[in-house]
Structure formats: C-alpha cells, structure tokens
Participant: 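Quick one: the structure is below, and I'll ask about it shortly.
Chain letters run A, B, ... following the sequence lines, proteins first, then strands; residues in each count from 1.
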Amino acid sequence: MNWILALPELVLALSGLAILGIGVLPKRNTHFACAMAAVGAFLLAAALAIGAPEGSAFGGQIVSDAFTRFAKVLILIGAAAGVVLSLDYNAREGLDRFEYPVLLVFATLGMLVMVSANDLMSLYIGLELLSLSLYVVAAFNRDDERSAEAGLKYFVLGALASGLLLYGSSLTYGFTGTTNFDRIADALSDPSKASSGLVVGMVFVIVGLAFKVSAVPFHMWTPDVYEGAPTPVTAFFAAAPKVAAIGLFARVLGGPFGDLAGQWQQVIVLISLLSMVLGAFAAIGQSNIKRLMAYSSIGHVGYALVGLAAASEAGMRGLLVYMAIYLLMNLGAFAVLVAMRRQGRAVERVEDLAGLARTDLSMAVWMAIFMFSMAGIPPLAGFFGKMFVFKAAIDAGLWTLAIVGVLSSVVSAFYYLRIVKVMFFDEPAGALDPRPASVSFVMAASGVFTTLFFLYPAPLVAAAQAAVAALLG
Amino acid sequence: MFVGAVFFPLLGASIAGFFGRWIGDRAAQLATVICMVLAAACGLTAFWQVALGHSSQTIEILTFVDVGGLEVSWALRYDTLSAVMVGMVTLISTLIHIYSVGYMSHDPSRPRFFAYLSLFTFMMLMLVTADNLVQLFFGWEGVGLASYLLIGFWYEKESACAAAMKAFIVNRVGDLFFMLGLALTFWTFGSVEFSTIFGSIDQHMDATFAGFRAYEVIGVLLFLGACGKSAQLGLHTWLPDAMEGPTPVSALIHAATMVTAGVFLVARMSPVFEYAPTALAVVTVVGASTALFAATIGCVQNDIKRIIAYSTCSQLGYMFFAAGVGAYQGAIFHLFTHAFFKALLFLGAGSVIHAMSDEQDIRKMGGIWKKIPVTYAVMWIGSLALAGVPYFAGYYSKDFVLEAAFAAHSGVGTYAFWCGIAAAFLTAFYSWRLIILTFHGTPRADHHTMEHVHESPAVMLVPLLVLAAGAVLTGAVFAPDFIGHHWEEFWRGAIVNAPHNEIMHHVHEVPEWVPLLPTVVGLSGIALAYILYMLAPSIPGKLASTFGGVYRFLLNKWYFDELYDAIFVRPTRALARVLWQTGDATIIDGVPNGAAALAADVARGAVRLQTGRVASYAFTMIAGLAVFVTMLAFGAAR
C-alpha cells in the first residue's frame with residue numbers, strides 16, 4: 001500500500017481536523033488565523049502534489065499521475081484564492097467564523113479525492129465530501145433569507161444528482177461486475193459487450209457530473225445559488241469545483257468509458273450546444289452581476305465541453321487549458337465582484353459599476369481585461385482557450401459545434417462589453433469603498449496572467465499535454 | 001536635362017504644396033514659377049535637340065512593376081512626338097504660371113493653386129514622355145486628378161464642386177475604356193512597352209478578340225478613352241462646365257494641354273491604328289461630328305468662357321478627324337498651334353473678366369476696346385488664328401487638316417471635309433460675335449463696372465504677348481517641318497504611316513479650290529458676324545425669336561445634359577435609392593438589428609424558464625436525463 005501517493009489528501013485531511021481543533025478552543029475570534037492556516041495547507045498540498053510520484057494505491061482506489069497533478073494544482077490554486085477573497089468580505093459581513101475555512105478545506109479534500117479517484121466508490125466519496133461542504137457554505141450567511149434558500153435548493157437538487165450518479169454507478173457495477181476504472185475499461189475494450197443497460201448507467205453518471213459542472217439542462221440551480229450565496233462563496237463555487245468536476249468528467253469518460261466514445265459523444269455534444277446557447281442568451285437580460293456571472297459560467301462550461309465532445313487528444317488538451325484559463329480569469333472577475341461595496345454594504349447590480357473608470361481606474365481596467373478575455377478577444381488568455389477547443393472540434397469534424405460556439409460567443413460578447421461600457425461611459429454612480437489588499441492581489445495576479453498568457457503559453461500547454469497523455473494512456 | 005524638364009514641376013508642386021503654409025504665398029509662387037522656368041528651359045532645349053537636332057533617346061529611371069510577364073518601368077521616351085509636346089507644355093505652362101501670379105493675386109489660397117498647377121504640369125509631362133502604356137495611364141489619371149482639383153479649386157462654390165465631380169466622373173467613363181484597351185493590348189502583345197508593341201505589329205496582325213480583329217478593338221477602346229479626356233461628342237459634357245475653374249486653369253488644362261492628350265494618344269499609338277481602318281473611320285466620323293456640333297453650340301452661348309470652351313471642343317474634333325484620315329502629323333501640328341492661340345484666347349478672356357469685375361456674360365459687356373487696348377489686340381490675333389485667316393498659325397494647320405480630309409478620297413474623309421468647312425464658317429462667325437459683343441457697341445455694363453475697367457498688369461500682359469507672337473508665328477515657322485517637305489526627317493518614325501497610307505503626299509495634290517475654301521468661308525463668317533452684330537444688331541434677336549426651336553436647341557447644347565440626366569443620372573439615383581432604402585436600410589441594417597431583437601427575445605424566453613421553484617428544476621433535470629437515455633437507446637438499437 002503506497003500511501004505516499006495520497007500525501008496531499010492526507011495533509012489536507014489532517015490540516016482540516018487540526019484547524020477545526022485550533023478554531024474551537026480559543027475564546028477569541030480565530031477566523032483569520034484559521035484562514036491563513038487553510039491557505040498554508042493548500043500551498044503545502046500543492047507542493048506535495050507537484051512532487052508526488054506516479055502509481056496507484058489503496059487497492060487501485062486512487063491513482064496519481066500527470067493528470068491528477070495538473071488538476072490538483074489548479075484546484076488548490078482556486079481554493080487558496082477563494083479563501084483569500086473571503087477574508088475581508090466575511091469580516092465585514094459578520095461571517096468571520098472559523099468554520100468557513102474548515103469547510104473549504106474539506107471541500108477541497110473532496111475535490112482532490114475526486115480527481116485522483118480510480119474507482120466509482122472513491123469518486124462518490126470525494127464528490128459527496130465536496131457537495132456536503134458546499135451545501136453548508138452556500139447557506140453560510142444563515143440569517144440571510146436568500147443565502148439559506150440557496151443552500152437548501154442546492155442541497156435538494158444536489159441530492160437528486162447524487163442519487164442519479166449512484167444509480168448509474170450501480171448499473172455499471174451490475175453490468176461489468178466491477179467499480180474499478182481500469183477493470184471497467186477492460187470490460188468495455190470490446191464495444192460489442194456494451195449492453196444498453198451499461199449505456200444507461202453511463203448516462204446517469206454523466207448526468208450526475210453534469211449537475212456539478214452546471215451544464216444545461218442540469219444547470220437550473222446555478223443562477224439562484226450564485227445569486228443567493230455570499231459573494232466569496234460564489235467565487236469559490238465558480239472556480240475550484242468546476243475544475244474538479246470537469247476533470248472528473250475527463251477522467252471518467254476518457255478512462256473507463258473511453259471505448260464508448262461514440263455513445264457519450266452525442267450526449268456531450270448536445271449538453272455543450274445547449275450550455276453555450278443558453279449561457280449566451282440568458283445572461284443578456286440580467287441586471288444582477290452575480291446572476292450574470294452564473295450564466296457566463298454555464299456558457300464557459302459549454303465551451304470547455306466542446307473540447308471533451310471532440311473526444312480526441314487535442315480536444316482533451318483544449319479542455320484542460322480552457323479550464324485553467326477559465327479558473328484564473330474567473331477568480332479575477334470575482335475579485336472585482338467581491339470588492340463591490342458602497343458605504344459598507346455589498347452591491348451586486350451591473351449599474352453599481354457605472355463610471356467606475358472615473359472613481360477607480362485600475363479596477364475598471366482589470367475588469368475590462370477580464371471581460372474582454374471572457375468574450376474571447378485576442379490577445380487575452382480567453383481567446384486562446386476558445387481557439388484550442390474550437391480547433392479541436394473542427395479537426396474532429398464537429399462543424400456545428402464550432403459554428404454555434406463562435407456565434408454564441410459573439411452574442412455573449414454583448415453582455416461582457418456592456419459591463420465595460422457601463423464602467424467607462426456611464427455617469428458615475430458614486431465611488432466604491434476602498435478595496436482590501438488581499439482582493440487587489442488576486443485581481444492583479446489574475447489580470448497579469450490573463451494579459452500576458454499569450455507571451456508564454458508553452459508551460460501550461462505542455463502540462464496539459466502531459467496530463468492528457470496520462471489520462472488516455 | 002531631359003529628366004529636369006519632367007521633374008522640376010514636381011519639385012515646385014511639392015514645395016508649394018507641402019511647405020506653402022510655412023514659407024508664405026510669395027515664396028510658394030516664386031518657387032513654382034522658378035521651377036517652371038527651369039523646366040521650360042529644359043523642355044525647349046529638349047525640343048531643340050530631339051525634334052530639330054534629330055537625336056531620340058529613352059531614359060530609364062526605375063522599374064515600376066515586375067510581376068510575372070508584366071514588366072513596367074519608369075522611363076522617359078524622348079522622340080519627336082514627345083519632344084514637341086514637352087516643349088509646348090513646359091512653355092505654355094510657364095507662361096500661365098506667370099499670368100496666374102497676376103490673375104490670382106487676390107486669392108487667399110495661392111500656394112494650393114500653384115501646387116496643383118505644377119502637379120498638373122508634371123503629370124502631363126509624365127503622360128507625354130511615357131515609354132509604356134501603364135506610365136501613360138499614370139499620367140492620364142494624374143492629369144485627371146489635377147483637373148478635378150483645379151476645377152473645384154473654389155470649393156466653396158457649389159457649382160464648382162458639381163462641375164469638378166462631373167468632369168471626374170465623365171472622365172472615368174472614358175478611363176474604363178482606356179483600361180480595357182490597355183488590358184487588351186497586353187493580352188495581344190504580351191507587353192505594354194511601346195518599343196515592344198511597335199516592333200511586333202506584323203506578328204499579331206491576325207489576332208482576334210471576340211470575333212473582331214484585335215487591332216480594331218484596341219483602337220476603338222483607346223479612342224473611347226481618348227474621347228473622355230478630349231471631350232469628343234458623347235463624352236464632351238464636362239468640358240463647358242469645367243469653366244467653373246479659374247481662367248488660367250481653363251487655358252492650361254482645358255484648352256492647351258490635357259484635353260489634347262487624347263489626340264496625343266492616337267498619334268502615339270499610330271502604328272496600331274494604321275492597321276485598324278474601322279477604328280480610324282470611327283475616329284474620323286466622331287471627330288468631324290464633334291467639330292461641327294460644338295461649333296453650332298458656340299454660336300449661341302453667352303458666357304465668354306463657354307464660347308471658347310465649345311470652340312476648343314470643336315478644334316479637338318478637327319485634330320481627331322485629321323488623325324482619323326491618317327494625317328497624324330497634321331493632327332499634332334494643329335494641336336501645337338491651337339495650344340498657342342487657344343491659350344491666348346482664354347488668357348485674353350481672363351483679362352477681360354478681370355477688367356469687367358468678374359463679369360462673364362458677353363451681353364453685359366461692350367464698348368470697352370479703347371480702355372483695354374492690349375487685350376483687345378491679342379484677342380484679335382487669337383481669333384484670326386482660330387478662324388484660319390491666312391498667315392496666322394491656325395491657317396496652316398487647319399488648312400492642312402481640311403486638305404488631308406479631302407485628299408483621303410474616302411466616304412468618311414469627305415464627310416469630315418464638309419463638316420470641317422461648315423465648322424470653319426461657324427468658328428469665324430462666333431469668334432467675331434464674341435469680339436464685337438465684348439469690345440464694341442454701346443456699353444451694356446452698369447456705370448460702376450465701366451468706371452473700373454482697366455488694363456491688366458504687366459505680369460499678365462507679358463504672357464499674352466508671348467502667346468500672341470506664338471499665335472502669329474508658329475504656323476509659318478514650323479509648317480515645313482511638321483507637315484511640309486521635311487516631315488519625314490522631322491518625325492523620324494515617331495509617328496508611323498503604314499506603307500499603304502500615302503496621305504502625306506496626296507495632301508499636296510488636291511485641286512486648287514480646296515485650300516482656298518476654308519479661307520473664303522472663314523472670311524464670310526467674319527463678314528456675317530460683322531453685319532449681324534455691328535451693322536444691324538436687331539437681326540440676331542429677330543432670328544432667335546423666328547427660329548425659337550432651333551435657338552433653344554442650340555442654347556441648351558442639343559439637350560445632351562438633359563438626355564444624360566434622364567438616361568444615366570436619374571436611373572442611377574433611383575437604383576441607388578432602392579439599394580439604400582431596401583438594400584442598406586432594410587436588409588443590411590435590418591439583419592443585425594433583427595438579430596439583436598431576436599437575441600433579446602430569446603434572452604427573455606430563457607430567463608422565463610428560471611422559475612425559482614425547485615420542483616420545476618428537478619423536473620428539468622429528469623426530463624433531460626430521459627431525453628439522453630432515449631437518444632442513446634435509439635442510437636444503440638440502430
């Protein structure tokens with residue numbers, strides 16, 4: 001039993017327990033200290049994940065390879081940034097309780113387990129650990145009606161999705177006699193053995209995962225939860241779990257179900273099309289910027305799934321690169337959202353950004369960069385993400401997908417550019433409160449990456465390439 | 001020196017155009033005039049060396065285009081034909097620059113004027129010294145541009161802008177044919193270099209294009225191009241309107257130089273035209289018709305500049321039918337002498353306008369000859385030369401042209417001869433109508449204007465006198481070289497007469513009455529004008545009312561403008577309106593606007609799906625699941 005392979009997970013689990021202990025004992029508020037400890041734990045885990053050897057452990061329950069390394073590092077970056085963004089906001093909103101970082105640590109642990117899972121059982125355990133933590137943080141502002149509603153909605157629908165996933169897993173087990181990914185892949189190596197029951201099981205698994213990535217038509221919870229949850233929670237939702245769930249998607253469909261590509265490709269194409277179109281159109285009428293970002297994230301998942309739908313090495317690589325870029329630019333955009341407070345109160349309407357260029361030019365410029373990048377305008381990072389997946393789709397002959405993708409990114413450019421227009425050309429709605437250094441740091445780091453990615457894209461692309469190679473064997 | 005003749009004007013234009021604002025009006029004027037004087041010195045020397053000293057040469061400057069089989073270079077081709085043009089253009093342009101110093105002295109944007117004028121001169125010189133058709137086309141378009149800029153020089157006048165646009169657009173019609181001709185030339189000969197084309201005339205004799213002989217098609221196309229630039233019947237409508245420009249411009253561009261480019265082109269391409277008899281017949285008929293047609297209109301116009309403009313149009317017709325019957329030398333000779341006396345007439349008219357406080361209507365002039373004697377005298381000289389009165393310049397060239405038409409002994413030649421004779425009568429008539437109405441009789445201008453009538457300053461009079469000398473002498477001095485017994489050694493192959501074309505010899509063998517006839521009709525035209533306007537001034541009015549229809553037909557220029565308006569302008573505008581309102585406003589604007597409206601509708605619909613109720617969310621998920629399972633179940637069944 002090679003437990004060294006699970007070292008990042010073990011570190012996070014122990015840190016979570018330790019932070020819980022530290023947080024409970026003292027009388028005074030330990031939120032900040034716990035948060036810092038969580039960030040430290042994330043960084044340590046990231047360092048360990050980078051250095052982790054390759055192989056499988058715990059009877060084939062988990063695996064460690066280039067793919068898990070890539071996904072884990074992204075997840076940990078996202079999680080750390082999520083904690084940093086919450087520091088000031090939680091303090092001001094009276095949410096500065098030590099449970100918050102603890103929950104995020106456990107959620108992150110769940111994500112790490114998800115991406116390193118090599119068995120449907122460990123997958124489910126990771127997913128459930130993540131979900132349970134997220135249900136709680138969604139409702140973290142428990143005195144706020146909307147936050148409580150968001151948590152409850154997420155819980156009910158999440159339970160349904162979990163049920164579907166479990167049912168799919170049991171069907172798979174019933175038809176292949178195993179839950180281990182490698183074994184399933186062996187069983188399916190002869191596609192003629194793929195009974196329709198197995199295919200139905202796979203669809204149930206896909207649906208369970210599609211719920212997590214909020215792909216249409218399993219997205220309905222997203223706008224309500226994004227709007228209702230406290231802004232740093234939304235930022236966290238939109239970043240790390242998305243990467244984890246997409247990574248899991250790639251792992252499950254590329255690994256055990258790889259030989260059924262002809263079947264799941266149809267489903268993914270449809271999900272991707274619907275997500276891109278809905279993400280483009282539904283955001284147009286939104287005045288709440290968190291709701292707008294919810295639809296935006298639905299659209300981005302649609303674009304990322306284009307890469308998965310291509311079911312090729314280039315497509316998978318595009319998917320991973322897209323998610324990395326999405327994670328980082330999304331963190332920057334949410335940093336701006338977190339910084340939106342006026343006279344001590346959080347504001348979240350698009351009009352509240354009016355004339356930002358005249359009151360806080362640097363923030364307006366960063367936000368404009370994120371919006372242009374999300375709209376896919378060269379030479380910003382978002383353009384390259386889209387380019388990789390669309391090119392893979394074209395190479396795979398999925399013209400419809402590529403054309404719809406380009407057209408819907410034209411439509412979505414409307415609401416991204418509307419934000420830019422509001423910031424730069426509308427009459428100022430009054431200055432926002434000064435933003436804390438922690439938020440500015442995330443904003444600037446993300447902005448620099450988004451702006452300068454085109455100069456040196458090689459490391460990211462190479463890492464994604466290695467991850468895909470490990471994934472597809 | 002050869003290069004200097006061409007590029008000094010460009011230097012002057014650059015100085016005045018780019019730096020006029022900093023160096024001031026006087027310095028800009030001075031720079032262009034000095035450059036022009038240097039160019040004229042070079043140009044006249046070139047004329048002396050090449051035309052009179054018999055030493056043709058070509059100066060390569062740069063490679064312009066080198067793509068595949070098409071190689072075009074910037075080169076200056078100096079043979080007799082271009083030397084004649086260079087000498088004439090630089091000399092007259094210089095005189096007009098000097099004249100303009102006086103004429104434009106009250107204008108606020110003089111550097112611009114002089115820059116344009118010099119730019120025009122440069123382009124004209126590029127045109128005449130071109131070594132290939134592409135370079136010629138460059139100059140051709142360049143003079144068109146300069147002409148546009150100068151007609152619209154007073155751009156605050158709406159009529160000037162309209163005239164400039166009209167000139168440009170009508171010229172573009174001709175240019176289209178020129179371009180087609182150019183392309184066909186390249187297609188036939190595989191080259192646009194004159195030396196290559198002329199050297200391989202024999203080899204492509206039987207080449208055909210669209211069922212016609214290629215030479216004929218090239219000839220007709222190039223002639224149609226020339227029609228635009230030289231204001232021949234059909235494409236002449238821009239020339240009278242071009243008189244909206246300042247008078248020196250009319251003198252330089254719309255009398256002496258640019259409008260003769262078409263004639264030059266036909267002469268330059270004479271080796272091709274010689275083997276395109278049908279094209280030549282077209283040239284003859286159009287030229288002869290223009291000569292007569294423009295002269296009829298000239299008889300009833302009242303604007304002093306428009307009369308001279310129609311006269312120019314008419315004289316260009318003479319040049320074309322001379323070329324059409326094969327006497328290119330006669331065409332160029334008439335071009336040469338015409339440049340002097342027509343520039344003289346225009347500048348004289350300018351001097352009159354200057355004296356009359358910018359009045360141009362000859363019905364409001366009269367009785368001023370004693371006050372501006374020098375102008376009066378040069379106008380007489382110019383008119384005498386124009387009417388072809390013996391021993392003035394026009395006499396030699398016009399007589400030769402008419403004799404050549406007669407000597408052609410062909411149907412079209414005879415048609416051209418009689419048109420020319422009739423036009424000569426009308427030319428003399430309207431010239432003296434102009435002189436008498438302008439200078440004689442009782443003053444019809446108001447008292448205030450009459451008090452201010454004054455002779456022009458010396459800077460304007462000196463060019464007039466030089467041109468007057470030219471109008472008197474150029475005919476007698478150069479006739480032996482251009483068309484007389486020395487013509488073969490003078491031209492030395494710059495113009496090609498095919499072996500079957502012996503018109504240059506036949507000209508000297510016409511019956512005795514032929515050379516006399518133009519002089520007789522010219523003198524009778526003068527006499528008629530004298531009787532009608534000097535002795536019995538009431539008759540013209542009666543005639544006009546008796547033959548009202550004819551009078552109005554002529555006064556309205558044969559209704560060409562109205563015809564074109566109905567045939568081309570209005571349908572084009574109607575089409576443009578349809579394309580604008582239906583094509584642009586409805587379809588082009590409508591598609592994006594419609595798409596945007598559609599997007600907004602879709603967005604509203606998409607938002608409506610989001611009810612906020614958990615049950616409906618869960619239902620959507622299950623429905624999606626059901627759809628996917630069904631899809632794959634059917635997929636698996638297949």
Participant: Does B:Met631 form a side chain to side chain contact (heavy atoms under 4.5 Å, CB included) with A:Leu270? I'd like the steps, not just the answer.
Facilitator: CA-CA 11 Å; B:Met631 196 173 83; A:Leu270 200 59; 4.0 Å; yes
Participant: Based on non-hydrogen pairs under 4.5 Å, which of B:Ala603, B:Gly624, B:Ser616, B:Ala595 is most in contact with chain A?
Facilitator: B:Ala603
Participant: Are there more than 12 heavy atoms of other residues, nucleotides or ligands under 6.0 Å from atom CZ of A:Phe155?
Facilitator: no
Participant: Counting distance only, does the side-chain N/O of A:Lys153 pair as donor-acceptor with the main-chain N or O of B:Arg613 below 3.5 Å?
Facilitator: no
Participant: Say you draw a straight line from CG of A:Leu160 to OH of B:Tyr617; how long is it, rounded to the nearest 0.5 Å?
Facilitator: 14.5 Å
Participant: Considering residues, nucleotides and ligands other than A:Glu145, do more than 12 of their heavy atoms fall under 6.0 Å from its CD?
Facilitator: no
Participant: Less than 4.5 Å to any heavy atom of chain B: does that hold for the side chain of A:Val156, its backbone, both, or neither?
Facilitator: side chain
Participant: Output the option from B:Val602, B:Leu625, B:Thr620, B:Val614 having the highest count of non-hydrogen pairs under 4.5 Å with chain A.
Facilitator: B:Leu625
Participant: Quick one: CD on B:Gln610 to CE on A:Met220, what's the gap to the nearest 0.5 Å?
Facilitator: 5.0 Å
Participant: For B:Phe137, I'd like to know if atom CZ has over 12 heavy atoms of other residues, nucleotides or ligands within 6.0 Å.
Facilitator: yes
Participant: At a heavy-atom distance under 4.5 Å, which candidate from A:Ala283, A:Gly285, A:Gly262, A:Pro223 has the highest pair count against chain B?
Facilitator: A:Pro223
Participant: Pick whichever of A:Val207, A:Val216, A:Leu278 has the most heavy-atom pairs under 4.5 Å with chain B.
Facilitator: A:Val207
Participant: Answer with side chain, backbone, both or neither: which region of A:Leu157 has an atom nearer than 4.5 Å to a non-hydrogen atom of chain B?
Facilitator: both
Participant: Rounded to the nearest 0.5 Å, how far does CH2 of A:Trp264 lie from CZ of B:Phe628?
Facilitator: 14.0 Å
Participant: Decide if atom CZ of B:Phe186 counts as having more than 12 heavy atoms of other residues, nucleotides or ligands within a radius under 6.0 Å.
Facilitator: yes
Participant: With chain B as the partner, which of A:Ile284, A:Val267, A:Val203 has the greatest number of non-hydrogen pairs under 4.5 Å?
Facilitator: A:Val267
Participant: What part of A:Phe204 gets within 4.5 angstrom of chain B, counting heavy atoms only: side chain, backbone, both, or neither?
Facilitator: both
Participant: Would you say that more than 12 heavy atoms from the other residues, nucleotides or ligands in this model lie under 6.0 Å from the CE of B:Met165, or not?
Facilitator: no
Participant: Check whether A:Leu164 gets within reach of chain B through its side chain, its backbone, both or neither, counting any heavy atom under 4.5 Å.
Facilitator: side chain
Participant: Counting only heavy atoms from other residues, nucleotides and ligands, does the tally under 6.0 Å from CZ of B:Phe168 exceed 12?
Facilitator: yes
Participant: With a 4.5 angstrom heavy-atom cut-off, which part of A:Leu152 approaches chain B: side chain, backbone, both or neither?
Facilitator: neither
Participant: So with a 6.0 Å cut-off around OH of B:Tyr564, is the heavy-atom count from everything else above 12?
Facilitator: yes
